[in-house]
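Here's the structure we're looking at; comments come further down.
Please read these numbers as outputs of a predicted model, since none were measured by experiment. Counting starts at 1 for both ligands and their atoms, following the listed order. Just the heavy atoms: all of them, side chains too, but no hydrogens, waters or symmetry mates, feed the values below.
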Amino acid sequence: MRLCVIGDPVGHSLSPRIHRRFMERCGTAGSYEAVTVTAETLEDFVVQGCRGAWDGCNVTMPLKERILPLLDAVEPWTASCGAVNTVCFRNGRAVGYNTDGPGVVESLRLRGFAPAGQAALVMGAGGAAKAAALALAQAGCRVTVCARTPEKAAALAARCGGVTVSWEDLPRAAAEHGLLLNATPLGMEGSPEFESLDFVQALPAKAVVYDLVYHPTDTALMRAAEHRGLTAVGGLALLVQQAALSFAHFTGIVPDAALCRDILQELEAAQ
Ligand code: NAP
């Protein structure tokens, strides 16, 4: 198998490390590289892939949406999500998938959170929020979107059959949600912090807080959740789970929960 992750910049990506471990532990021969591909060189990359240069690739910033029209097919869920993070090159065709949304749902299930019938409060309305909110809605969650740009929040909520809440109303709304998912850069290294984390105090006693930020691995939001005794899940969990689902598309082999847990622990220890 000849696999890679494409993007610009791509040198910081943890995907090579994760996929090489999957290959090693699943006995899959081949390579996984990080390849710089820009918006300008993307079409050529897809042509080369279809000609047999690659068996598959992961797609990161800024190409997740741009690659869509260059593909021969995308699975229906991926088309509705509007972003691709996995491409398989087979029989001269490029087929796109999005494993970010399913990765959110699967990583929550592995932490004991069953989404059906739950209320999920999604913070943000960008690419990650969209994938997470649509997948959570599909898995049976009632979705509330909280984002700083009201039009974007309303558009995403409408697509999920959900509702919106303003930042000011967050503490009141939090009390009604069993899952709070941060899909903004707030708390990420180099980005601003949340001005207030008071809303964490309002969450129900069994709530799960999922922070998609993974640098740092223990964000202020996660620490506040843990301080209250809530379950806190960090962004590395999604990074590993979306990779596992990609690997299954590439190879037909589904990395099991124990392998994903091992890799997650290795990544956490290395941070
Ligand atoms: P994006 O498409 O740029 O969306 C960012 C969202 O956050 C937008 O709704 C944006 O609002 C909002 N936002 C930005 N700065 C904000 C601020 N200071 N206050 C309030 N809202 C703010 O980015 P993305 O790709 O969705 O990524 C979002 C976060 O998820 C990042 O931290 C990223 O690292 C993380 N992520 C993690 C994984 C993983 O595998 N763990 C995968 C993907 C993303 P506007 O639209 O109004 O600008």
Task: L3 CG to N58 CG distance, which is reported to the nearest 0.5 Å - done: 8.0 Å

Open item on the list: Can you see whether T99 engages N85 through a side-chain donor-acceptor pair at a distance of less than 3.5 angstrom?
Closed with: yes

Open item on the list: Can you give me the closest heavy-atom contact between A83 and N98, atom names plus distance?
Closed with: O-ND2, 2.9 Å

- [ ] Using side chain to side chain contact (heavy atoms under 4.5 Å, CB included) as the criterion, point out the one residue from L121, L136, V122 that pairs with L179.
- [x] L136

- [ ] For the residue pair H19 and Y32, categorise the inter-ring angle as parallel (less than 30°), tilted (30 to 60°) or perpendicular (more than 60°).
- [x] parallel

Task: Neighbour list for ligand 1 [protein residues, heavy atom under 4.0 Å] - done: G124, A125, G126, G127, A128, R148, T149, K152, W167, A183, T184, P185, L186, M188, L212, V213, Y214, G235, L238, L239

Task: Atom pair CG (L156) and OG1 (T164), whose distance is rounded to the nearest 0.5 Å - done: 10.5 Å

